Amino acid sequence: MANIIDYEKCIGCNLCYERCPESVYDLDDAGRVYVRREEECWLCGSCQMDCPADALKVKFDLNVAPLFFFKEPQ
Amino acid sequence: MATQIRYEKADVLVIGGGLAGAQAALAAREQGAEVIVLEQAHVTRSGNAGSGVDHTHGYIPTVHEPKGYRREDMEYDKANQAFFNLGFGRVEFTDLFLEHSYEVLTGLEKYGVKVRGFTDSPFPEQFRVVPQFHTIPTSLHIDGRDIKVALAGALEKAGVRVFNRVQAVELLKKGERVTGAIGYATREDALVVISAKATILATSGGFDRIAPPINPGAGKNDHPSATGYGAGAALALGAGAQLVNYEFALGGGHSAWQNHGFMAGAPGGTWYPAGRVVDDEGNVVVDRLTVVDYNDPDYWAKNAEQLKVFFQGRRIIEEYASQGRQLYLDLSAATDEELAYIKWALGNEGEMWLFRENLDAENIDLRKVQVPLAYRKQTSVRDKSVGLGLYGIFTDLSFQTNVKGLFAAGAELGAAGAIDASPSLTFGWLAGRAAAEKLNSAPDPGEPDRAQVDRVLGKVQQRYSELLGDSAKSVERQVQAIVGVLGAPPHSDRKAHTAVRLLEDLKRKTRLKAENGYEIGKTFEAEALIEIALAVFHAILERKEAVQPFYDRVNDKGQPVPEKAEKSEERKILAIRKENGGYAFSYHQGSIKARPEGYLLTESATG
């Protein structure tokens, strides 16, 4: 999985940093948000849900993650 | 690091800003109290409902009464589905919940949460009634993705002071009374010391942290959020309050379904109206469930039939699992309309929203894939859902603990029934009101004990200065290892003694270290996890008998220990508390609500 910030779209509101229950995001010295603790993300989706600029995606590979794999019906 | 100290004062302090905490704060504020909420994350998206609630339940007079289904009937049904009829709960809490559930649920509408008025619904008041049988046969889908956003807005509007990113680490005590709490602000590196006349623990149970699910992250064991680490239980213990049913917290307390979030109540539930379960060859093993036409004269009888299908399905799935066979959720027969409905429901169900977004991003058609159901049998509880609300903090019916000035609400309550979204909302509301009503007779909290504050400050400073110490994560993993090896049933004195020795050892030898506020917060979590695990094993040592169907014990020779009290009525709830540096125990009578013949769940839930 990956938490991906599209900096071309990001408007710097920092809502993701403010709201993430697990502090996955942090601010760098310039006050810009970055992904600091991706391993703490438990996929609640809040950051992506609330991003006003559609600049943030939490992606997980549906075919690789232990329980998110699929089988074609026969 | 120069950790700051800030002092604050309120009438009511609420620890935890989830559904229960937000409601408690709003109710106390409505009574005129000055309220502070401590929230370790951010109240807008925190707690078990942080990214949504798709379904809930309650006694809805307009839906249930015309069909002759009384509140009392629902009380029996809920008692039968939870652990009350095993003798380890107080069904009075269910009575309280059902008495207020309609008012509390529809009360969400004033914050902007849509719970009825769905124009496609043939049910009274246009509730979306669905077959989500793990609570009652008439669950309700709601438009609840942003329920926490709505409650956060309500808190702000009401003038409740919310301190986000502040983790409660100790309760303040003056004599026998709790007078507030010491919090640690993880993003400010400050201690926040709050004096209050009444303190409400509205935290989340945290057993996912000491006994993690097989697929952490994507498939939580049960509803509690990953941020919940049992802070309330640890705080309560530290203040001398009673915890109950902790001996059942491992093994008996977990959902047998390991990908709970992912299966989303299949079949039925979120996958209603088209979810079914198939085997490797595509044969339907458990068929889809249907919502019975409300105008059908045999409404309840047909509902009962659906419930039987559901329980029968669970048993079939269990059988397949015991043979090591894989089963799949199958939506291949869904119509466009049904699929659209499922996607709407998924979008409200917490992390399932993100799952849906990822499905859509990859253009995956749910009708063309089959989703494997992960199953691990951890318990012989079968149909009795003993997890949520079994173990936790013990209070009276006004949510007051045995320690003056200390209340509890929400998922951290023990022996109070299955506490999912609507009981959390209801108990939160009632606890907030109860705490506010007692303010007049509550003494002023006075000045906090400086020695206690200095002790906490000393811990923080020590952890910053520790260069070669233990990270909170490593301590957490050690707790998990001890619990994983020695906490699985059957329980025995030998295993529990070993666990206690290892945990005491860990507590003594650990030198927690941290480099920043976030890590300091985690060190307090690690400490709490050790305390909770210790309480569990001490409770296991205290309850010497087996309790069927879910608490197996063996003696030192490995032979099964018999039950002392086989009848539910003779069983007692075990409470553990800390006293004079050790543990003290007491027993409480649970309440049984034996089912008379003829109600909805009679056959299926007891089978």
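Note that the structure is a prediction, hence the values are computed from the model and not measured. Residue numbers begin at 1 in each chain, while the letters A, B, ... track the order of the sequences.
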Just checking A:E38: does its CD atom have more than 12 heavy atoms from other residues, nucleotides or ligands closer to it than 6.0 angstrom?
yes
Should the pair A:E40-B:K473 be classified as a salt bridge under the 4.0 Å nitrogen-to-oxygen rule?
yes
Within this structure, what is the OG-CG distance for the pair A:S46 and B:D146, rounded to the nearest 0.5 Å?
10.0 Å
Of all of B:G50, B:A41, B:S51, which one pairs up most often with chain A through heavy atoms under 4.5 Å apart?
B:S51
Test the A:R36-B:Y518 pair against the cation-pi criterion, namely NZ or CZ under 6.0 angstrom from the six-membered ring centroid and within 45° of the ring axis.
no
Kindly give the heavy-atom pair with the smallest separation between B:R187 and A:Y17, and that separation in Å.
NH1-O, 2.8 Å
Where the side chain of B:R45 meets the backbone of A:G45, is there a donor-acceptor pair that is under 3.5 Å apart?
no
Between B:K522 and A:E22, does any NZ, NE, NH1 or NH2 come within less than 4.0 Å of an OD or OE carboxylate oxygen?
yes
Show the nearest heavy-atom pair for residues A:V58 and B:N358, with the distance to one decimal.
O-ND2, 3.0 Å
Atom CG of B:N516 and atom OG of A:S23: how far apart are they, to the nearest 0.5 Å?
9.5 Å
Sort B:E357 into side chain, backbone, both or neither according to what part of it lies under 4.5 angstrom from a heavy atom of chain A.
side chain
Give, as side chain, backbone, both or neither, the part of A:D50 having an atom under 4.5 angstrom from any heavy atom of chain B.
side chain
Go through the atoms of B:S46 and report whether side chain, backbone, both or neither lie under 4.5 Å from a heavy atom of chain A.
neither
More than 12 heavy atoms of other groups within 6.0 Å of A:E39 CD
yes
